[in-house]
2 protein chains.
Amino acid sequence: MKPRKPLSENMLEIIAQRFRVLSDPLRLNILQRLGDQERSVGELVVATGANQANVSKHLQILFRAGYLNRRKDGLQVFYQVTDSSIFEMCEIVCGSVANQLQATLDVVRGDENAE
Amino acid sequence: MKPRKPLSENMLEIIAQRFRVLSDPLRLNILQRLGDQERSVGELVVATGANQANVSKHLQILFRAGYLNRRKDGLQVFYQVTDSSIFEMCEIVCGSVANQLQATLDVVRGDENAE
DNA sequence: CAGTTATATTCCTGCGTAGTTATATAGTAC
DNA sequence: GTACTATATAACTACGCAGGAATATAACTG
């Protein structure tokens with residue numbers, strides 16, 4: 001992301017699109033419930049407390065983005081996270097959020113080293 | 001992101017919001033033009049070829065999200081990336097995109113080890 | 001003061017999409 | 001076949017937001 005030659009418009013679109021997939025709380029919730037396990041749609045509906053149709057749609061979005069695997073077994077469909085870079089990114093974001101909050105806290109407290 | 005206890009709705013909202021800030025091609029373009037340097041709004045308008053008002057608005061969004069610093073000097077305003085976790089995440093996404101494309105390519109080519 | 005430049009903001013339009021309800025599809029059990 | 005369950009899809013509504021044009025604000029110049 002600090003290349004000598006700037007990324008093309010197309011590449012920026014692709015990257016932006018991938019961030020967009022992760023920019024919804026319910027999708028993040030689903031991903032977190034999945035973790036490294038395989039779960040059925042029904043399980044995720046119960047775990048998240050969200051509407052079945054809505055969960056199903058978000059699973060499609062995550063699936064089409066290449067973040068999930070799909071396995072059908074009888075009436076149930078099981079999803080699983082295939083791209084663990086998701087969790088890596090969430091950890092980075094969490095760390096970044098924590099840093100910012102800490103910095104804000106330091107400023108509020110009048111810490112000399114703050115900012 | 002694989003916690004024993006699931007993250008709260010609030011935390012998921014915050015994380016989603018941060019991903020959303022990165023989910024726009026023009027904002028990614030601006031960040032990439034900034035790199036580790038400090039640049040004025042005008043420079044970024046030229047570099048991106050985008051509308052001045054639009055660049056300014058996106059800079060506000062990035063600034064309010066805590067990704068940028070602001071420094072005023074006369075008529076000009078200079079922005080600088082403060083949170084380098086942005087570039088870390090972009091690199092992860094780029095790697096992930098590359099992996100997926102490679103996997104797709106392998107499938108297309110009928111590679112035995114694919115998928 | 002008026003004039004000019006750099007940046008920010010307001011207003012508007014249109015598109016994308018999250019959520020809900022209802023319905024469709026697919027699989028199972030009888 | 002009918003009835004039932006699990007998941008997906010369609011239709012609709014409503015809201016957020018990116019983009020552009022015009023305007024406002026701020027800072028410099030003379």
Side-chain angles (χ1 to χ4, degrees), chain A residues 9-10 12-34 37-81, chain B residues 9-10 12-34 37-81:
Chain A
E9 277 298 322
N10 278 346
L12 290 174
E13 288 274 1
I14 290 172
I15 298 174
Q17 180 56 33
R18 287 183 76 90
F19 279 125
R20 177 160 293 263
V21 171
L22 299 181
S23 72
D24 182 88
L26 181 48
R27 281 198 288 273
L28 292 178
N29 199 347
I30 289 172
L31 288 171
Q32 132 178 286
R33 305 292 177 167
L34 281 170
Q37 298 188 11
E38 188 188 55
R39 294 203 183 280
S40 72
V41 178
E43 286 178 295
L44 293 169
V45 169
V46 173
T48 61
N51 185 291
Q52 180 268 322
N54 208 15
V55 170
S56 193
K57 275 196 299 183
H58 283 295
L59 284 169
Q60 299 312 308
I61 292 171
L62 289 166
F63 174 67
R64 284 179 199 144
Y67 287 130
L68 302 183
N69 250 348
R70 237 181 86 106
R71 181 178 70 84
K72 214 170 173 180
D73 182 19
L75 278 176
Q76 303 185 73
V77 177
F78 293 88
Y79 287 90
Q80 187 175 24
V81 175
Chain B
E9 277 297 323
N10 279 345
L12 290 174
E13 288 274 0
I14 290 172
I15 298 175
Q17 180 57 33
R18 287 183 75 90
F19 279 125
R20 177 161 294 265
V21 172
L22 299 181
S23 73
D24 182 88
L26 181 49
R27 281 199 287 275
L28 293 179
N29 200 346
I30 289 172
L31 288 171
Q32 132 177 286
R33 305 291 178 168
L34 281 170
Q37 298 188 10
E38 189 188 54
R39 293 204 183 278
S40 72
V41 179
E43 285 178 296
L44 293 169
V45 169
V46 173
T48 61
N51 185 290
Q52 180 268 322
N54 209 14
V55 170
S56 192
K57 277 195 296 188
H58 284 295
L59 284 169
Q60 300 310 309
I61 292 172
L62 290 166
F63 174 67
R64 284 180 199 143
Y67 287 130
L68 301 184
N69 250 349
R70 237 180 85 107
R71 182 178 69 84
K72 215 170 172 178
D73 182 18
L75 278 174
Q76 303 185 73
V77 177
F78 292 88
Y79 287 91
Q80 187 175 25
V81 175

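Just so we're on the same page: letters track the sequence lines, and every chain starts at 1. All values below were derived from every heavy atom in this structure, side-chain atoms included, with hydrogens, water molecules and symmetry-related copies excluded.
- Summarising the geometry, the separation between CD1 on B:I30 and C1' on C:dT7 is reported as 13 Å, rounded to the nearest angstrom.
- Residue A:I61 contributes atom CD1, which lies 9 Å from atom P of C:dG19 at whole-angstrom precision.
- Note on A:L44: nothing from the nucleic acid sits closer than 4.0 angstrom, heavy atoms only.
- Under the salt bridge (Lys or Arg N to Asp or Glu O under 4.0 Å) criterion, B:R27 pairs with no residue, sequence neighbours left out.
- Of all the heavy atoms in A:P25 and B:A16, the pair that sits closest is N-CB, 3.7 Å.
- Atom CG of B:L28 and atom P of D:dA18 are 12 Å apart (whole Å).
- Contact annotation: A:R71 side-chain N/O to D:dT7 OP1/OP2 distance is not under 4.0 Å.
- With sequence neighbours left out, B:A53 forms a side chain to side chain contact (heavy atoms under 4.5 Å, CB included) with B:N51.
- Contact between the side-chain N/O atoms of B:Q76 and the OP1/OP2 oxygens of C:dT5 is not found at any separation under 4.0 Å.
- Atom CG in A:L59 sits roughly 17 Å away from atom C1' in C:dT17 (whole-Å rounding).
- With rounding to the nearest 0.5 Å, the separation of OG in A:S56 from CD1 in A:I61 is 10.5 Å.
- Counting heavy atoms from C-beta on, the side chains of A:N69 and A:F78 never come closer than 4.5 Å.
- Spacing between atom CG of A:L68 and atom P of D:dA8 amounts to 11 Å, rounded to whole angstrom units.
- Residue A:R70 has a polar side-chain atom (N or O) positioned under 4.0 Å from OP1 or OP2 of D:dA8.
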- Task: Mark up nucleotides 19-30 of chain D, 5' to 3', with B wherever a protein heavy atom is under 4.0 angstrom from a base atom, S wherever such an atom reaches only the sugar-phosphate, and - elsewhere.
- Result: BBBB---BBS--
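- For B:Q17 and D:dC15, the CD to P distance is 18 Å, given to the nearest whole Å.
- Counting heavy atoms from C-beta on, the side chains of B:R71 and B:Q80 never come closer than 4.5 Å.
- Under the 3.5 Å distance criterion, with hydrogens and angles disregarded, a donor-acceptor pair is assigned to the side chains of B:R70 and B:Y79.
- When heavy atoms are screened at a 4.0 angstrom cut-off, B:Y79 is found touching the sugar-phosphate backbone but no base atom.
- Across D:dT7, C:dA8, C:dT17, the shortest atom-to-atom separation from the side chain of A:R20 is found for C:dT17.
- With rounding to whole Å, B:R64 atom CZ is found 16 Å from D:dG16 atom P.
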